[in-house]
Amino acid sequence: MKKTILLPVIAACVLMIVSCQESAKQETPAAETAVAAEPVKPDMAKIKAEIQAIETAWAAAQNAKDVNALIAMYADDAVSMPDGEPMLTGKAAIQKKQESDFAKPSKYASIAFETMDVYAQGDVVTEVGKTMYKDAAGNTMGGGKYIAVFEKRNGKYLCIREIYNQDSK
């Protein structure tokens with residue numbers, strides 16, 4: 001009677017050992033595939049230079065009061081949050097405000113922007129920058145700060161979100 005029980009117990013133990021070994025073999029490929037290749041890190045210096053070039057063109061458009069050049073840098077669905085004013089949604093609303101601003105006498109001779117930092121993920125770049133208002137001699141007479149979010153669409157960065165304000169006097 002003991003031999004009758006012993007044989008099934010041994011068979012069950014052998015099956016469990018074999019099953020565990022097969023399970024471990026099947027888990028190995030999953031463990032190997034879990035180690036994914038690290039994503040390629042963006043060239044932040046190159047992106048910062050690209051965004052600074054956009055900001056330089058942006059300042060040139062503002063200084064020339066060239067609404068068409070300025071608006072071309074926005075996406076159709078852009079949102080702008082100007083200092084002390086309501087949020088503007090869409091390119092048409094942003095254009096209307098720019099046209100109104102350009103019709104008023106300017107408080108400064110020129111404007112310049114400096115890209116201080118950028119953060120990129122995929123086709124989206126967030127920029128942190130500062131604004132400098134200059135007199136006719138080129139002296140900085142005031143400033144501000146901004147955050148702009150750009151998205152690369154059809155190979156070109158367009159502003160999709162911006163918020164800006166002036167420093168206190």
Measuring only between side-chain heavy atoms, which start at C-beta, is Met44 closer than 4.5 Å to Lys48? no

Counting only heavy atoms not in Glu85 (residues, nucleotides, ligands), do more than 12 fall under 6.0 Å from its CD? yes

Do we see a donor-acceptor contact under 3.5 Å between the side chains of Glu162 and Tyr74? yes

List the atom of Pro86, the atom of Pro82, and the distance in Å for their closest heavy-atom pair. O-CD, 3.6 Å

Same cluster or not: Phe102 versus Tyr133, using hydrophobic residues (I, L, V, M, F, W, Y) connected whenever any side-chain heavy atoms lie under 4.5 Å apart? yes

Rounded to the nearest 0.5 Å, what separation is found between the CD1 atom of Ile160 and the CG atom of Asp123? 10.5 Å

Here the gap from Ile163 atom CD1 to Asp83 atom CG, rounded to the nearest 0.5 Å, amounts to 9.0 Å

Is it true that Met73 and Phe113 fall in one hydrophobic cluster, defined by side-chain heavy atoms closer than 4.5 Å? yes

Cluster overlap Trp58 with Tyr157, hydrophobic side-chain contacts below 4.5 Å: yes

Mind checking whether Ile54 and Ile111 sit in one hydrophobic cluster, side chains of I, L, V, M, F, W, Y counted as touching below 4.5 Å? yes

Which distance, rounded to the nearest 0.5 Å, do you find between the OG1 of Thr126 and the CZ of Arg161? 11.0 Å

Going by the rule side chain to side chain contact (heavy atoms under 4.5 Å, CB included), which residues pair with Ala112 if we only count those two or more places apart in sequence or in a different chain? Met132, Lys134

What's the shortest heavy-atom distance between Tyr146 and Glu114, and which atoms? OH-O, 3.6 Å

So, the side chain of Thr56 versus the backbone of Gln52: is there a donor-acceptor pair under 3.5 Å, distance only? yes

Quick one: does Asp117's side chain have a donor or acceptor within less than 3.5 Å of a partner on Val128's backbone? no

Sequence neighbours left out, what pairs pass side chain to side chain donor-acceptor pair (under 3.5 Å) with at least one residue falling in residues 60-73? none

Same hydrophobic cluster for Tyr164 and Leu158, using side-chain heavy-atom links shorter than 4.5 Å among ILVMFWY? no

Looking only at heavy atoms, the pair that brings Ala72 and Lys156 closest together is O-NZ, 3.7 Å

Measuring from Leu88:CG to Lys97:NZ, what's the distance to the nearest 0.5 Å? 7.0 Å

What's the shortest heavy-atom distance between Lys91 and Ile71, and which atoms? CE-O, 2.9 Å

I'd like to know if Arg153 and Asp76 make a salt bridge, using a cut-off of under 4.0 Å between side-chain N and carboxylate O. no

Search all heavy atoms of Ala78 against all heavy atoms of Cys159 and return the closest pair with its distance. CB-O, 3.5 Å

So, the side chain of Gln98 versus the backbone of Val67: is there a donor-acceptor pair under 3.5 Å, distance only? no

When rounded to the nearest 0.5 angstrom, what is the spacing between CE in Met81 and OG1 in Thr89? 9.0 Å

Give every donor-acceptor pair under 3.5 Å between a side-chain atom in residues 135-145 and any protein atom, sequence neighbours left out.
unit_1	atom_1	unit_2	atom_2	d
Asp135	OD1	Ala137	N	3.0
Asp135	OD1	Gly138	N	3.0
Asp135	OD1	Asn139	N	2.8
Lys145	NZ	Asn165	OD1	3.2
Lys145	NZ	Asp167	OD1	2.7

